[in-house]
Amino acid sequence: MSSQPTQSFSQRLIAWQKQHGRHDLPWQVADPYRVWLSEIMLQQTQVATVRDYYPRFVAAFPDVAALAAAEQDAVLALWAGLGYYSRARNLHKAAQQIISDFNGEFPQQRSQLEQLCGVGRSTAAAIAAFAFQQRETILDGNVKRVLCRVFALDGNPADKTFEKQLWALAESLLPAQADDMPAYTQGLMDLGATVCKRSRPDCAVCPMADICQAKAQNRTAELPRKKTAAAVAEMPLFWLQLRNAQGQILLHKRPQRGIWAGLYCLPCFDSADEMHRFAEKAGVAGAVRTDTPFSHRLTHRLLQIQPFAADLPDDSALPWADGVWVNPQDLRDYALPKPLMRYLGEAVRQADLFG
DNA sequence: AAGTCGGGGGG
DNA sequence: CCCCCAGACTT
């Protein structure tokens, strides 16, 4: 790179983005709805993962009005497997906010955007910059890493004061011209994602190499400082797969808070005892089979899942109000947690082989 | 300030 | 196994 040291941070970044940045992402459009959707999907989620989900979601809900009018189950079904399901619930609510509070007109100011459910300061700034060319700065994981390295900042990422300093620094670096904001903002993300990577940063092709203090001090590996890892508690879960005479599987919609909120799951219990009591009421106490246990890791929990299975006789009464019987071929229409998707996928194949 | 929310990429 | 990812929200 031949950037002169006198050239501003923003000018080098903009020039670099235009030449070497990403230009083929499906959400690089002027439509604020699509920008917003992509920003929500990309929260704590890598581009490669979102690529599969984004087009299906846009096809099903092409604009704010379509999303606002949708059923939550339909929204969650298209989010299933992506994780952090509060994002989908908030996205749905926010679409309705735009209809009711903003007359269906997408808000353009950061302060207004931050009123939308699930939209914090950084996401609001991204929408404002990309869709409306507003001079607002993002501060995501990529930007924090770039700033901590270029300016050799070794603050504690959990420290609120340090966080404020990063926001102030990011704001001070904004380009003067508002119409540079899309390229500049994309450049921040692209640099962090493709060059100034968490491990093995590619300093040889970095437009900031000659001003990067971490590089000069040989500290790119230690900056930014790592967060202290939280302990992950184990959580036993007991699932019961009930099948009726038609081969349908019993699911229920989980409550609106907690793990997998609003998604559909098998009857789920905290202990084997609870599961057996339920099976007894369902009249299948003697028919319960034990399936192979498996574990599933969330950010803050290690789920130890023990699945059971039983076939339900035709005339048995189910001691449960809010269940729904689902044909195996219709499972794709339901928002299922990833581990349940995997488990039922295998179970259904087994049943097909023998049924 | 710490905890809650999923799932996957990549070393 | 580990840490992190286009974070926001609750406690």
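These numbers come from the heavy atoms of this one structure, side chains and all, not from hydrogens, waters or symmetry mates. A note on names: the letters A, B, ... follow the listed sequences, proteins ahead of strands, and every chain is numbered from 1.
Contact annotation for Ala229(A): backbone-only contact, meaning every heavy-atom pair under 4.0 Å involves sugar-phosphate atoms and none involves a base. Leu298(A) comes within 4.0 angstrom of sugar-phosphate atoms only, judged by non-hydrogen atoms across all strands, and of no base. Here Leu25(A) lies in heavy-atom contact (under 4.0 Å) with a base. Trp27(A) comes within 4.0 angstrom of a nucleotide base, judged by non-hydrogen atoms across all strands. Residue-level contact check: Arg89(A) touches neither bases nor backbone, having no heavy atom under 4.0 Å from any strand. At the heavy-atom level, Gln186(A) lies under 4.0 Å from base atoms of the strands shown. Across all strands, Ile259(A) comes closer than 4.0 Å only to sugar-phosphate atoms, never to a base (heavy-atom distances). Nucleic acid contact class of Gly81(A) (heavy atoms, under 4.0 Å, all strands): sugar-phosphate only. Here Arg257(A) lies in heavy-atom contact (under 4.0 Å) with sugar-phosphate atoms only.
For the pair His296(A) and dG6(B), the criterion of a side-chain N or O lying under 4.0 Å from OP1 or OP2 is not met. Between Arg225(A) and dC4(C) there is no side-chain polar atom (N or O) within less than 4.0 angstrom of OP1 or OP2. Distances shorter than 4.0 Å separate some side-chain N or O of Lys338(A) from OP1 or OP2 on dG8(B). Residue Thr123(A) places at least one side-chain N or O closer than 4.0 Å to OP1 or OP2 of dA8(C). The shortest distance between the side-chain N/O atoms of Tyr84(A) and the OP1/OP2 oxygens of dC5(C) is not below 4.0 Å. At the phosphate of dC5(C), OP1 or OP2 sits under 4.0 Å from a side-chain N or O atom of Arg145(A).
Per the geometry, CH2 belonging to Trp260(A) stands 11 Å off P belonging to dC5(B), to the nearest Å. Distance Arg87(A) CZ to dG8(B) P: 12 Å, rounded to the nearest Å. A straight line from CG of Leu116(A) to P of dA8(C) spans 12 Å, rounded to a whole angstrom. Rounded to a whole Å, the CZ atom of Arg297(A) is 14 Å from the P atom of dG8(B). Per the geometry, NZ belonging to Lys160(A) stands 16 Å off P belonging to dG7(C), to the nearest Å. One can place CD of Glu114(A) at 15 Å from P of dG7(C), the figure rounded to the nearest angstrom. When rounded to the nearest whole Å, the span between CG of Leu113(A) and C1' of dA6(C) equals 15 Å. Rounded to whole Å, atom C1' of dG7(B) lies 13 Å from atom CG of Leu263(A).
No donor-acceptor distance shorter than 3.5 angstrom exists from the side chain of Arg219(A) to the backbone of Ala152(A), with no hydrogens or angles considered. The closest donor-acceptor contact from the side chain of Gln97(A) to the backbone of Cys117(A) lies under 3.5 Å. Checking side-chain atoms of Thr49(A) against main-chain N and O of Val47(A) turns up no donor-acceptor pair under 3.5 Å. At distances below 3.5 Å, not a single donor-acceptor pair connects side-chain atoms of Arg149(A) with backbone N or O atoms of Lys215(A). Between the side chain of Arg254(A) and the backbone N or O of Cys265(A) there is no donor-acceptor pair closer than 3.5 Å.
Across dA6(C) and dG11(B), the matching P atoms stand 15 Å from one another, rounded to whole Å. A gap of 16 Å separates the C1' atoms of dC5(B) and dC4(C), to the nearest Å. dG6(B) and dC3(C) are spaced 15 Å apart, taking the C1' atom of each and rounding to whole Å.
The side chain of Asp140(A) approaches dA6(C) more closely than any other nucleotide in the set dA6(C), dG6(B), dA2(B). Distances from the side chain of His300(A) to the nucleotides dC4(C), dG11(B), dC5(B) place dC5(B) closest. In this structure, the nucleotide among dC9(C), dG6(B), dA1(B) sitting nearest to the side chain of Asn90(A) is dC9(C).
No more than 12 heavy atoms of other residues, nucleotides or ligands sit less than 6.0 Å from atom CZ of Arg257(A).
In the interface, the side chain of Arg198(A) is paired with the base of dC3(C) through a donor and an acceptor atom under 3.5 Å apart. Judged by atom type and distance alone, Thr299(A) reaches the base of dG6(B) through a side-chain donor-acceptor pair under 3.5 Å.
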Revision key, fill the gap. Annotated structure of DNA chain B as dot-bracket, pair cut-off 3.5 Å, Watson-Crick or G-U only, | for inter-strand, is |||||.|||||
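The aromatic rings of Phe238(A) and Phe308(A) sit parallel to each other, their planes meeting at less than 30°, with 60° as the upper class boundary.
Taken to the nearest 0.5 Å, the CD1 atom of Ile40(A) stands 9.5 Å off from the OG atom of Ser86(A).
For Arg51(A) and Tyr54(A), the positive end is not near the middle of the six-membered ring at less than 6.0 Å and at most 45° from its axis.
If you look at Phe61(A) and Phe57(A), their ring centroids are closer than 6.0 Å.
For the pair Asp210(A) and Arg12(A), the salt-bridge criterion is met [side-chain N within less than 4.0 Å of a carboxylate O].
Near-neighbour residues of DNA chain B inside residues 37-55 of chain A, defined by a heavy atom below 4.0 Å, number-ordered: Gln44(A), Thr45(A), Gln46(A).
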Review item, side-chain donor-acceptor pairs of residues 126-136 of chain A, under 3.5 Å, at least two apart:
unit_1, atom_1, unit_2, atom_2, d
Arg135(A), NE, Pro175(A), O, 2.7
Arg135(A), NH2, Pro175(A), O, 3.3
Glu136(A), OE1, Arg110(A), NH1, 3.1

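Comparing Pro337(A) and Ser199(A) by the nucleotide of DNA chain B whose heavy atom lies nearest to each, the residue mapping closer to the 5' end is Pro337(A).
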